[in-house]
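Scope of the values below: all heavy atoms of this structure, side chains included, with no hydrogens, waters or symmetry mates. Residue numbers count from 1 along this sequence.
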Amino acid sequence: MEIYPAQSFAVMTSVLKHLIFACAFLLLASSASVDAAPPGFVEGHLKIISPKEVELADGNAPAITAENYAEYPLIILSQDGKKEIARVTADGDGNYRTALPPGNYVLDVQGRARGHLRAKPQRFTVVSNQTVHVDMDIDTGVR
């Protein structure tokens with residue numbers, strides 16, 4: 001059996017290409033699994049406050065409803081407060097819950113920066129497979 005240099009070179013090149021591809025695939029797969037930490041959760045209660053309830057003509061104060069909570073979506077910002085990461089709306093009872101990657105965040109209310117709402121942004125940290133509780137009180141300024 002004769003071995004020709006050109007044939008052995010072609011076989012070695014093919015094997016080397018497959019080996020490089022396999023190594024690159026394993027490297028990417030392992031780094032993706034390390035970076036993909038399980039999410040954690042943030043949950044809490046949104047409370048809409050008005051120092052004096054608005055009285056309607058019939059004398060009844062309006063009730064807080066799911067529609068009221070929908071008017072005040074909560075925004076989750078990056079740690080520096082500059083990038084919106086997520087948006088969540090409280091349910092009909094004022095409760096909310098959402099999953100987030102582990103990290104440091106700020107909970108705020110949409111529209112607060114425009115000045116018609118008073119609320120204190122809340123800093124919080126999410127840890128994998130854990131739930132952090134953050135409540136938010138909003139003063140609508142309605143008098």
Side-chain angles (χ1 to χ4, degrees), residues 3 5-143:
I3 299 178
Q7 288 176 335
S8 62
F9 180 73
V11 169
M12 287 175 42
T13 302
S14 177
V15 169
L16 187 59
K17 284 181 185 177
H18 286 87
L19 184 59
I20 290 171
F21 175 76
C23 288
F25 177 77
L26 290 174
L27 182 63
L28 289 173
S30 67
S31 69
S33 65
V34 169
D35 292 341
F41 298 90
V42 60
E43 68 179 19
H45 183 77
L46 173 61
K47 184 175 181 183
I48 301 172
I49 301 169
S50 179
K52 180 180 178 201
E53 292 295 327
V54 175
E55 292 186 23
L56 300 177
D58 63 6
N60 294 326
I64 300 295
T65 64
E67 290 80 25
N68 294 113
Y69 290 115
E71 292 176 29
Y72 304 104
L74 299 173
I75 53 175
I76 299 169
L77 304 169
S78 58
Q79 181 177 0
D80 62 6
K82 295 182 180 178
K83 180 181 176 192
E84 184 175 318
I85 305 298
R87 184 176 297 248
V88 63
T89 302
D91 66 15
D93 296 320
N95 300 313
Y96 73 91
R97 178 179 172 92
T98 192
L100 292 169
N104 297 312
Y105 301 96
V106 176
L107 179 69
D108 205 348
V109 181
Q110 180 181 331
R112 183 190 62 80
R114 291 190 297 266
H116 71 278
L117 296 175
R118 283 180 253 162
K120 181 181 177 186
Q122 306 286 329
R123 295 189 175 278
F124 65 96
T125 300
V126 172
V127 177
S128 289
N129 297 319
Q130 293 186 18
T131 300
V132 61
H133 190 88
V134 183
D135 291 332
M136 178 64 75
D137 294 342
I138 299 172
D139 181 346
T140 62
V142 175
R143 305 285 191 268

Checklist entry - Can Arg123 be said to sit on top of Tyr105's aromatic six-ring, NZ or CZ under 6.0 Å from centre and within 45° of the ring axis? => result no
Given side chains that start at C-beta, do those of [X] and [Y] come closer than 4.5 Å, heavy atoms only?
X      : Y      : answer
Met136 : Val109 : yes
Asn129 : Val127 : no
Gln130 : Phe41  : no
Leu46  : Leu74  : yes
Pro101 : Pro39  : no
Leu77  : Ile85  : no
Asn104 : Phe124 : no
Thr98  : Val42  : yes

What pair of heavy atoms forms the shortest contact from [X] to [Y], and how long is it?
X      : Y      : value
Pro38  : Ser128 : O-OG, 2.7 Å
Val126 : Leu100 : CG1-O, 3.6 Å
Pro121 : Ala119 : CD-O, 3.5 Å

Hey, what do you get for [atom1] ([X]) to [atom2] ([Y]), rounding to the nearest 0.5 Å?
X      : Y      : atom1 : atom2 : answer
Glu43  : Asn95  : CD    : CG    : 8.5 Å
Ile138 : Lys120 : CD1   : NZ    : 15.0 Å
Tyr69  : Thr89  : OH    : OG1   : 12.5 Å
Asp139 : Ile48  : CG    : CD1   : 11.0 Å

Next on the checklist: Thr131 vs Arg97, test: side-chain contact (heavy atoms from CB on, under 4.5 Å). Steps then yes/no.
Outcome noted: CA-CA 9 Å; Thr131 300; Arg97 178 179 172 92; 3.5 Å; yes
Next on the checklist: Looking only at side-chain N and O atoms, does Asp135 offer a donor or acceptor that is under 3.5 Å from a partner on His45?
Outcome noted: no
